[in-house]
Enquirer: 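Got a structure for you, written out below as structure tokens; questions coming shortly.
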Amino acid sequence: MRKTSLILLLISVMFLSQNVFADIRIKLGVVTKPGSAQNIVADKFKELIEKRSDNKITVKIYHSKSIGNETEILQQIQMNTIQMGIITSGPFDTFDSIARVIDYPFLFKDNEQADQVLDGPLGKEILKSLESSGFKGLCFSENGFRNLTNSKRPVKTPDDISGLKIRVMASKLHKTIWQTLGANPTPMPWPIYTELEQGVIDGQENPLWVMEVYKFYEIQKYMTLTRHVYSAHIDVASLTWWKSLDQKTQELIEKSVYEAAVFQRTDNRSKNAARLALLKDKGMTIESSPDIGAFRTKVSHLKDMDLFKDPKVQDLLVRILKTVN
Ligand code: EAX
């Protein structure tokens, strides 16, 4: 009896002293190139999880569209050929219309509001909802507040936008926003440098880091600080894969990706002032006080449109609007 207990004790000590994580190879997809917001989250997550699991869990990052655009990466995550992704909230629109609530125009006043909502119970509802499309929603990192750029003319009011050919993401909401503002929106997957350079489109809208990392200052003369949409990333895993993991592994992934997200948000925000200076220096003409009131008025009825008629989506939007106003 004593001998058996001793053996059992020895076995458990041996087991515990070994790393408890199974060997796991995670394929993670981002559409953007190194240095981009999505890649900063991915790189940090890789660093944290490999260290914390003693390299039992490893991450291979597929970037720069090597496995397709954001919609295609999401499809591969649904099928579990790719296990994780750091994906802009916009293209989730096609998979679950609840995601368009995040991209509602002029929803968040500032970063603090965005964090408060997305890190809190309302954000959790969005993450939970994604399960019905085969995604395990983990947390939110950020692209940031989106600003308009174009090659044609300075833009201060919605009237100045009239007829501009603006590239938009694969999102019904984004297309509607730009239609409503009087532009000619053209959905197109990322990246879009060549299309801007060749004049297939006149403009686009993205956070400041994009203009720097993708060198849009070379081909877009005018920028307007519209901050019309707060663009999140939804950091997701394949639900099929997620269900196959033990709880300890799930917890380590959740903790590490959330820390990577918080790290990236802070990093992104701390760089914006320097980015603006750089873009000016590179010759962009920047309109920093556009008539935001006029922009807001133009899009204020969007919440009553068909886009938000699904009761679940409408209900969440109304509750978020109450929280932020
Ligand atoms: O981060 O397609 C887009 O405009 C996204 O913002 C893209 O992922 C760049």
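Atoms within a ligand are numbered from 1 in the order they appear, just like the ligands themselves. Residue indices begin at 1 and follow the sequence shown.
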Enquirer: Under the ring-ring contact (aromatic ring centres under 6.0 Å, His included) definition, can you give me all pairs with a residue in residues 238-268, not counting sequence neighbours?
Expert: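 Counting only pairs at least two positions apart or across chains, no ring-ring contact (aromatic ring centres under 6.0 Å, His included) contact touches residues 238-268.
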Enquirer: Can you sort out which atoms of ligand 1 are near Met169, meaning under 4.0 Å from one of its heavy atoms?
Expert: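 Those of ligand 1 that fall under 4.0 Å from Met169 are 2 (O), 3 (C), 4 (O), 5 (C).
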Enquirer: Distance to 0.1 Å, residue and atom name: give those for the protein heavy atom nearest to atom 6 (O) of ligand 1.
Expert: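 Heavy-atom neighbour on the protein nearest atom 6 (O) of ligand 1: Asn206 OD1, 2.7 Å.
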Enquirer: Nearest non-hydrogen atom to atom 2 (O) of ligand 1 belongs to which of Arg167, Glu70, Met188?
Expert: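 It is Arg167 that holds the nearest heavy atom.
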Enquirer: Hey, is NZ on Lys33 packed in by over 12 heavy atoms from elsewhere, all under 6.0 Å?
Expert: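 Atom NZ in Lys33 is packed in, count exceeds 12.
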Enquirer: Do me a favour and list the nearest non-hydrogen protein atom to atom 1 (O) of ligand 1 with residue, atom name and distance?
Expert: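 Its nearest protein heavy-atom neighbour is Gln38 NE2, 3.1 Å.
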Enquirer: What are the two closest non-hydrogen atoms of Val155 and Ile161, and how far apart are they?
Expert: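 Heavy atoms of Val155 and Ile161 come nearest at CG1-CG1, 3.7 Å.
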Enquirer: Can you sort out the partners of Glu131 under side chain to side chain donor-acceptor pair (under 3.5 Å), two or more places apart, ordered by chain and number?
Expert: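 Here the qualifying residues are Lys128.
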Enquirer: Decide if the gap between the ring center of Phe295 and the ring center of Phe106 is smaller than 6.0 angstrom.
Expert: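 When the ring centroids of Phe295 and Phe106 are compared, they turn out to be at least 6.0 Å apart.
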Enquirer: Just let me know how Trp209 lines up against ligand 1, side chain, backbone, both or neither, with a heavy-atom cut-off below 4.0 Å.
Expert: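 Within the 4.0 Å criterion, Trp209 contacts ligand 1 through side-chain atoms alone.
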Enquirer: Please confirm whether Arg146 comes under 4.0 Å of ligand 1, counting heavy atoms of the residue only.
Expert: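 Arg146: in contact with ligand 1 (<4.0 Å).
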